[in-house]
Amino acid sequence: MALPLEVRGLSTTLFTRRGEMKAVDGLSLSVGAGETVALVGESGCGKSLSALSVMRLLPDPPARIVGGEVRLNGRDIVPLPEEGMLAIRGKEIGMIFQDPMSSLNPVATVEKQIVEVLLAHTDLGRWQARARAHELLELVGMPDAARRLDEYPHRLSGGMCQRVVIAMAIACSPSVLIADEPTTALDVTVQAQVLALLKKLQADAGMAMVFITHDLGVVAETADRVVVMYAGRKVEEATVDDLFEMPLHPYTAGLIGATPVPGAARAERLADIPGMVPPLNALPQGCAFAPRCTRVMDRCLTEKPALTVPGPGRLVACFAAERG
Amino acid sequence: MAGELASPTASPRITRGSSRRVAAFRLLRRRLIQAVPLMLGVVVINFVLIQLAPGSFLELMTAENQVSDPATIALLRKTYGLDDPVWLQLLKYIWALMRFDFGFSYRQNIPVIDAISVHLPATLLLMISSITLALAVGIAAGVVASMKVRTFWDTLVSVVAMFFFAAPGFWLGIMLIVLFSVKLGWLPVGGMATIGGASSGFTAVLDILHHLLLPTLALGLFYAAIYTRVMRSSMLEVAQLDFVRTARAKGLSRNRVTISHVLRNALLPVVTILGVQMGTVLAGSVVIESVFSWPGVGSLLFDSVSSRNYPVVLGIMVLGSLVVIAANIAVDLVYMWLDPRIEIR
Ligand SMILES: Nc1ncnc2c1ncn2[C@@H]1O[C@H](COP(=O)(O)OP(=O)(O)OP(=O)(O)O)[C@@H](O)[C@H]1O
Ligand code: SF4
Ligand SMILES: [Mg+2]
């Protein structure tokens, strides 16, 4: 059976006045049923644009998919016309966004916003949809669910808003769920609750989940596999255990705060990787990480490292890592 | 969950419908209370301004009737309280106003309130029809322009709006008369009813609407132009907000999202501006009334100013302010109804 989500060589370019910028450059990733793949990387590395590409919800202009495939349960949705996508969004693939407070329409009730997705994709009548919305709110652990239906979003806390957004995203039991930094805007305690909720919902429904974050602590808790992005490209992929055990890419190592040399003692934790993410319109000729890399070699400045397979189930794009 | 329940927004409260009604009531009460000092200020300022105006109705009255006997004039001055100090006159006026007594119009030989109330309905009718037209046209055109942004239609809407924004109301009124009344003969030149026509019933209503059309266009299109531009930019701005993307992620079409999510949010700035402009709509209607001989308070104001019938002028100012304040309160309530985030404590 086809995987719920299989992205192959996805490329998304920003066509701006200052030139074309490859925001997502040949990204591949696959997620099986019941699996969680974390997409991590610093701000601006193209995580959100990757997710929006998969949803076909890119801000156009300036962003457009220029290549690659997004296979949803085996079918490539990149060539689909907009009408085709209407039946897919919210039905086969759900998405949760970063800022729950601004993700809801301030002048529409919670009920209206949940019922809307049910009416769009199911045969439920208005009353059945309302009953179902109530069920969904209880499912996502909304306190006092019945009364919240008639509430407007400004009366809800951030955590409750995110529960509503989650309820909308899973309302039609999608096979794929994309969560773009779903907990970043929330308090720590609420973060943990929302994470636990997502994990439970995913396990119960066997959804494939893409979990976008720049918080590696969250990754360790939620993900099965991790895809590390830098400047629009995948630089490393591994299971969570492997990645934390032995990060191969110097960037990943920097994120985790460990020395990249296998077997070496862990260095003291770094607050940040020194240096800045290069702007997309001024990427270095060779490895994009070279200006910040502690293991940079001559070769890194002229040649782009390709993804290689350093071991079973692992991928890395780094000349130093290739040599071990 | 404990953290969420402890948050202030989650405190127990009554259900939405009644809590919003309570909030609306509180808003109404607060606005009415605020209106009292406001009206007092309006009365004082206008009263003082009128005192500063040259001459008095008494001079005109005595001149017209060729009264020159100083004793008679002194008697008249005493009768009308003109020898009192200004502050006492003001206090007396305010005291009278509180009993809804606006004074007496010597010219028409009727109480001021009667003189004004003959003309007020015509003005209110013109204001309401113009605002309705402006809102309907402005909102529709703004939505269309925003949905067809940077296309021919968008440009067309902008150009037309620019024209009506720049065209002075009285000039537009005259042009409309020339075109539709003089050249085409479709619509009456002025007035509010056909002389000798039906005075009641359906035909009379139709007749009034027939007369109302051109003045409404002359007054309303300027505001329609403003609302078009505000609505367009507001629609485009709201379309960028996060919740629009959430709605699209649910599988709703672009048009569905525009109508059911963007529109209502985008209306808010239009409603705000509507409230601010109530006063200028009233002032504008005074001008348009004179172009179309519309029998509203505008024509009464002109007559009264030229005949130095100051009690009537003052009465119009006070009642006009009252109308504007009332309209503002109504607009506030509409805003509140549109935006549930407005809460009055
Ligand atoms: N609408 C847009 N117009 C122009 N540039 C954009 C737009 N959206 C994103 N970008 C650029 O594309 C790059 C990738 O953005 P993206 O939002 O995917 O980053 P991200 O990895 O999600 O970062 P964050 O962690 O901050 O959410 C960034 O350099 C960003 O500046
Ligand atoms: S390829 Fe070179 S510059 Fe890039 S991460 Fe590896 S060692 Fe560093
Ligand atoms: Mg992002």
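A note on names: the letters A, B, ... follow the listed sequences, proteins ahead of strands, and every chain is numbered from 1.
Ion pairing between B:Arg232 and B:Glu237 fails under the 4.0 Å rule for side-chain N and carboxylate O. Look at A:Glu138 and A:Arg163 and you find no salt bridge, because none of the NZ, NE, NH1 or NH2 atoms lies under 4.0 Å from a carboxylate O. One finds a salt bridge joining B:Arg31 and B:Asp332 here, because a Lys/Arg side-chain nitrogen approaches an Asp/Glu carboxylate oxygen to under 4.0 Å.
Stacking of B:Arg341 on the aromatic ring of A:Tyr152 is not recorded, the 6.0 Å distance cut-off and the 45° axial limit not both being met.
For the side-chain contact (heavy atoms from CB on, under 4.5 Å) test with A:Thr13, the passing option among A:Glu20, A:Met21, A:Arg64 is A:Glu20; the others fail.
No hydrogens or angles considered: nothing links the side chains of B:Thr123 and B:Ser285 as a donor-acceptor pair under 3.5 Å. B:Asp154 and B:Thr151 form no side-chain donor-acceptor contact under 3.5 Å, judged by distance and modelled atom types alone. A donor-acceptor contact closer than 3.5 angstrom is absent between the side chains of A:Glu151 and A:Thr109. Of the N and O atoms on the side chains of A:Asn73 and A:Ser175, at least one donor lies less than 3.5 Å from an acceptor on the other residue. A donor and an acceptor atom, one from each side chain of B:Ser129 and B:Thr216, are located under 3.5 Å apart.
Neither the backbone nor the side chain of A:Gln98 has a heavy atom closer than 4.5 Å to any heavy atom of chain B. Contacts between A:Leu52 and chain B at a heavy-atom distance below 4.5 Å involve the side chain alone, from C-beta outward. For a residue to count as touching a neighbouring chain, one of its non-hydrogen atoms must lie under 4.5 Å from one of that chain's; by this rule B:Leu241 does not touch chain A. Using a 4.5 Å cut-off between heavy atoms, A:Leu104 touches chain B through its backbone atoms (N, CA, C, O) alone.
Among residues 256-284 of chain B, the residues having any heavy atom closer than 4.5 Å to a heavy atom of chain A are, in sequence order, B:Arg256, B:Ser260, B:His261, B:Arg264, B:Asn265. Of all residues in residues 125-137 of chain A, none places a non-hydrogen atom less than 4.5 angstrom from a non-hydrogen atom of chain B.
Per-residue counts of heavy-atom pairs under 4.5 Å with chain B were compared for A:Asn105, A:Val117, A:Leu57, A:Ile88; the largest is that of A:Asn105. The choice from B:Val238, B:Asp339, B:Leu338, B:Asp242 that makes the most heavy-atom pairs within less than 4.5 Å of chain A is B:Asp242. Your options are A:Pro59, A:Ser103, A:Gly90, and the one with the most heavy-atom pairs under 4.5 Å with chain B is A:Ser103. No other option in A:Met85, A:Met55, A:Glu116, A:Gln113 has as many heavy-atom pairs under 4.5 Å with chain B as A:Glu116.
Partners of A:Asp204 by salt bridge (Lys or Arg N to Asp or Glu O under 4.0 Å), not counting sequence neighbours, listed by chain and number: A:Lys200. The salt bridge (Lys or Arg N to Asp or Glu O under 4.0 Å) test applied to B:Arg254 returns no partner, not counting sequence neighbours.
B:Ile131 is not listed as a side-chain neighbour of B:Tyr223, based on a closest heavy-atom distance of 4.5 Å or more.
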